[in-house]
Amino acid sequence: MKNGPERAGYPASYAMILLMTLLISGCGSSSAAPSTATEKSQMAAKSIEQFVIAAKKRPKAAAQNLTVLMESLDAYANDHSEPFVELRNTAQELLSLYQGAAAKEKIKMQLELLQQKAAALSAG
């Protein structure tokens, strides 16, 4: 059994996954799930921003958290096509980098690209 930060981080990792799922699905509040493209853009951008922050703090949990986020990005891409498709594809590339144990610099660049695309999505 492990002690220290790795073991203590597991509950935080699961909490992050739950939080992202609730935020994306809209189940965490009394308001309805986002229905317009603008609302979905803002929700996706916020979720990605939170993912990026968490990924920088806990890189070992990032792939698992991104897998959960990908489910919502897939749904958004299917419902609203571009630019959600681009966002989903960028996230998928990041997931591939995590799964392939790519260099930290490549992952960092892809994280920044994902963050930029999410910001552009919510701004426009």
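The first residue of the sequence shown is numbered 1, and numbering continues consecutively from there. All heavy atoms count here, side chains included; hydrogens, waters and symmetry mates do not.
- To the nearest 0.5 angstrom, L111 atom CG is 10.0 Å from K108 atom NZ.
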Just list the side-chain donor-acceptor pairs under 3.5 Å for residues 84-97, sequence neighbours left out, or say none.
residue	atom	partner	partner atom	Å
E86	OE1	K117	NZ	3.2
N89	ND2	V85	O	3.3
T90	OG1	E86	O	2.9
E93	OE1	Q110	NE2	3.4
S96	OG	Q92	O	3.2

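- Residues forming a side-chain hydrogen bond (donor to acceptor under 3.5 Å, both in side chains) with E49 (at least two apart in sequence, or on another chain): Q115.
- In this structure, CE in M43 is found 6.5 Å from NZ in K46, a value given to the nearest 0.5 Å.
- The shortest non-hydrogen separation linking I107 to A102 is CD1-O, 3.7 Å.
- By the 4.5 Å heavy-atom criterion applied to side chains, L69 and L66 are counted as neighbours.
- Summarising the geometry of A55 relative to Y98, their closest heavy-atom pair is CB-OH, 3.7 Å, with the distance given to 0.1 Å.
- Under the rule for a salt bridge (Lys or Arg N to Asp or Glu O under 4.0 Å), E71 has no partner lying at least two apart in sequence or in another chain.
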